[in-house]
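Note: hydrogens, waters and symmetry copies are ignored here, and every other heavy atom, side chains too, is used. So you know, we letter chains A, B, ... as the sequences are listed, proteins then strands, and number each from 1.
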Amino acid sequence: AQSVTQPDIHITVSEGASLELRCNYSYGATPYLFWYVQSPGQGLQLLLKYFSGDTLVQGIKGFEAEFKRSQSSFNLRKPSVHWSDAAEYFCAVGETGGFKTIFGAGTRLFVKA
Amino acid sequence: DTGVSQDPRHKITKRGQNVTFRCDPISEHNRLYWYRQTLGQGPEFLTYFQNEAQLEKSRLLSDRFSAERPKGSFSTLEIQRTEQGDSAMYLCASKAGLADPRSYNEQFFGPGTRLTVL
């Protein structure tokens, strides 16, 4: 069965520091992979997605993610974090040709001044 | 605003009461999803509509839950005889069908309805 693991429940980084949020997935075929961000009281916003092709994908707000098939990982990165990036981040895998999107439990990002 | 909208944004009810939530998807999207999100967890899939047809339901969707999308536009999610365990954020999402490959499998989420069952 498909699953998504985000090993870090929460992460704290200093403003201006680099960020990496980890995501591991379990899926039999080539997955569709997503990162979403959720701010308090808001719906989920798509940061970036991977369907095929270049394994390094660029997203909005300066985020990028790298798909590594050998490690079943899709880690999210940002070179310099801003205080406004504090939010919950969800990694997700979509069924190829199917209906469901399976979400990880999320990583809450705290940004300290 | 052309995004996904949900109503109400918050609902407080007493155990045993029935509640109904509404979702209005992006107008050209024929696919609509309901998710439930509890504290500290990611969204969990509940059900999926393609146009007015309900094509898949999660085992999470007990017989107290029912969803409709009568004309293939807005959708409603009803919970009968609410229980405290139903307290959660209920999220709706929509996406375009396969005719638009640029949007394939990309869902757009509404702000959610937060349900509190006392």
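- More than 12 heavy atoms of other shown residues, nucleotides or ligands fall within 6.0 angstrom of atom CG in Leu56(A).
- Proximity to chain B is limited to the side chain of Leu46(A), based on heavy atoms less than 4.5 angstrom apart.
- A chain of hydrophobic side-chain contacts below 4.5 Å, direct or via other Ile, Leu, Val, Met, Phe, Trp or Tyr residues, connects Leu44(A) to Tyr48(B).
- Both Tyr50(A) and Val4(A) are assigned to one and the same hydrophobic cluster, defined by single-linkage of ILVMFWY side chains at heavy-atom distances under 4.5 Å.
- Around atom CG of Leu118(B), more than 12 heavy atoms belonging to other residues, nucleotides or ligands sit under 6.0 Å away.
- The ring-ring contact (aromatic ring centres under 6.0 Å, His included) check on Phe90(A) picks up nothing, with sequence neighbours excluded.
- Checked against the 6.0 Å centroid criterion, the rings of Phe103(A) and Phe45(B) do not qualify as a close aromatic pair.
- Contacts with chain A (heavy atom to heavy atom, under 4.5 Å) involve these residues of residues 52-75 of chain B, listed by number: Leu55(B), Glu56(B).
- Residue Arg9(B) touches chain A through its side chain alone, counting heavy-atom pairs closer than 4.5 Å.
- Linking Ile, Leu, Val, Met, Phe, Trp and Tyr whenever their side-chain heavy atoms come within less than 4.5 Å leaves Leu91(B) and Leu77(B) in two separate clusters.
- Per-residue counts of heavy-atom pairs under 4.5 Å with chain A were compared for Pro111(B), Gly40(B), Pro43(B), Gly110(B); the largest is that of Pro43(B).
- Leu76(A) is not connected to Ile9(A) by any chain of hydrophobic side-chain contacts under 4.5 Å among Ile, Leu, Val, Met, Phe, Trp and Tyr, and they are in different clusters.
- The two residues Tyr35(B) and Thr101(A) have their closest heavy-atom pair at OH-CB, 3.6 Å.
- For Glu44(B), no part lies under 4.5 angstrom from a heavy atom of chain A.
- Put simply, CD on Gln38(A) and CZ on Phe109(B) are 9.0 Å apart, with the number rounded to the nearest 0.5 Å.
- Phe74(A) is connected to Leu21(A) through a chain of hydrophobic side-chain contacts under 4.5 Å among Ile, Leu, Val, Met, Phe, Trp and Tyr, so both are in one cluster.
- Proximity to chain B is absent for every atom of Glu88(A), based on heavy atoms less than 4.5 angstrom apart.
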